[in-house]
Amino acid sequence: MATTEECRAALDKLSDNLARAEGDVHAAAALDRSLSCHITDLDVTFSGRLRGGRVEVHDTVPGVPAERAQIRLAMAGDDLVALVGGELNFAKAWASGRVRVEAGFRDLLRLRTLL
């Protein structure tokens with residue numbers, strides 16, 4: 001099982017990957033939205049923003065935060081690490097229910113390029 005530190009490192013790596021992205025992926029990552037990533041097996045949530053093509057983590061809280069982010073992700077820690085490491089296909093993980101994404105319709109349309 002991935003640790004909180006490994007999950008945080010995976011989010012930092014995701015941020016770096018998004019910052020280096022080009023074309024449609026870069027445009028999709030250019031949103032300015034609040035973001036949360038709930039790690040279900042650790043029952044911890046990383047909260048922050050997707051801004052300027054980067055994921056900025058501002059806080060780590062136990063459980064689900066009281067304030068709902070505009071973009072919400074939920075998955076097990078191992079799945080986050082595997083997704084960012086390229087070992088898990090997002091579409092398959094989402095279709096099987098291993099990864100959940102909640103956002104407004106317009107944001108989902110833009111995010112599909114990232115995911």
Side-chain angles (χ1 to χ4, degrees):
M1 182 165 81
T3 65
T4 302
E5 293 78 17
E6 290 170 323
C7 292
R8 174 60 195 257
L11 287 172
D12 290 341
K13 182 177 179 181
L14 174 62
S15 182
D16 292 342
N17 292 346
L18 291 175
R20 287 191 301 268
E22 296 178 356
D24 291 341
V25 173
H26 180 72
L31 292 169
D32 184 3
R33 301 285 188 273
S34 59
L35 174 75
S36 68
C37 182
H38 180 71
I39 307 302
T40 55
D41 55 336
L42 298 174
D43 196 27
V44 66
T45 301
F46 296 95
S47 300
R49 292 199 76 78
L50 175 61
R51 180 187 346 221
R54 295 197 66 91
V55 174
E56 303 170 354
V57 176
H58 299 148
D59 200 10
T60 306
V61 296
V64 179
E67 194 172 312
R68 285 178 52 129
Q70 292 167 305
I71 300 171
R72 297 168 302 284
L73 303 168
M75 67 196 79
D78 288 342
D79 290 338
L80 172 62
V81 171
L83 279 170
V84 174
E87 300 154 10
L88 179 63
N89 178 279
F90 178 83
K92 290 180 182 179
W94 175 75
S96 69
R98 290 172 66 178
V99 174
R100 292 190 317 267
V101 178
E102 296 178 32
F105 183 70
R106 285 186 177 181
D107 289 341
L108 285 173
L109 287 176
R110 286 190 70 184
L111 289 171
R112 71 177 182 204
T113 305
L114 294 175
L115 310 173

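Under the 4.5 Å side-chain heavy-atom criterion for ILVMFWY residues, a single connected hydrophobic cluster contains both V101 and L18. When hydrophobic clusters are built by joining Ile, Leu, Val, Met, Phe, Trp and Tyr residues whose side-chain heavy atoms come closer than 4.5 Å, directly or via intermediates, V44 is grouped together with L14. One hydrophobic cluster holds both L35 and F46 under the rule that ILVMFWY side chains link at heavy-atom gaps under 4.5 Å. The hydrophobic clustering, which links ILVMFWY residues whose side-chain heavy atoms are closer than 4.5 Å, places F90 and L80 together. In the hydrophobic cluster analysis, where Ile, Leu, Val, Met, Phe, Trp and Tyr join through side-chain heavy atoms closer than 4.5 angstrom, V99 is grouped together with L11.
Of all heavy-atom pairs spanning R54 and A19, the tightest one is NH1-CB, 3.1 Å. Residue A103 comes nearest to L108 through the heavy atom pair O-CD1, 3.6 Å, listed as atom of the first residue, atom of the second, then distance. Across C7 and L42, no two heavy atoms sit closer than the pair SG-CD1, 4.2 Å. The two residues L83 and L88 come nearest to each other via the heavy atoms CD2-O, 3.2 Å. M1 approaches E6 most closely through the heavy-atom pair O-OE1, 4.2 Å. Across M75 and C37, no two heavy atoms sit closer than the pair CE-SG, 4.3 Å.
H38 places a side-chain heavy atom less than 4.5 Å from the side chain of D43.
In terms of modelled atom types and a separation under 3.5 Å, the side chain of D41 and the main chain of G77 share a donor-acceptor contact. The backbone N or O of R51 sits nowhere less than 3.5 Å from a side-chain atom of D32 that would complete a donor-acceptor pair. The backbone N or O of G63 lies less than 3.5 Å from a partner atom in the side chain of T45, making a donor-acceptor pair. The main-chain N or O of Q70 is found under 3.5 Å from a side-chain atom of S34 such that the two form a donor-acceptor pair.
Listed by first and then second residue, the side chain to side chain donor-acceptor pair (under 3.5 Å) pairs involving residues 89-98 are D79-R98 (not counting sequence neighbours). Contacts classified as salt bridge (Lys or Arg N to Asp or Glu O under 4.0 Å) and involving residues 57-68 (residues at least two apart or in different chains) are given here: R68-E102.
Between R20 and D16 there is no salt bridge, since no side-chain nitrogen of the basic residue lies less than 4.0 Å from a carboxylate oxygen of the acidic one.
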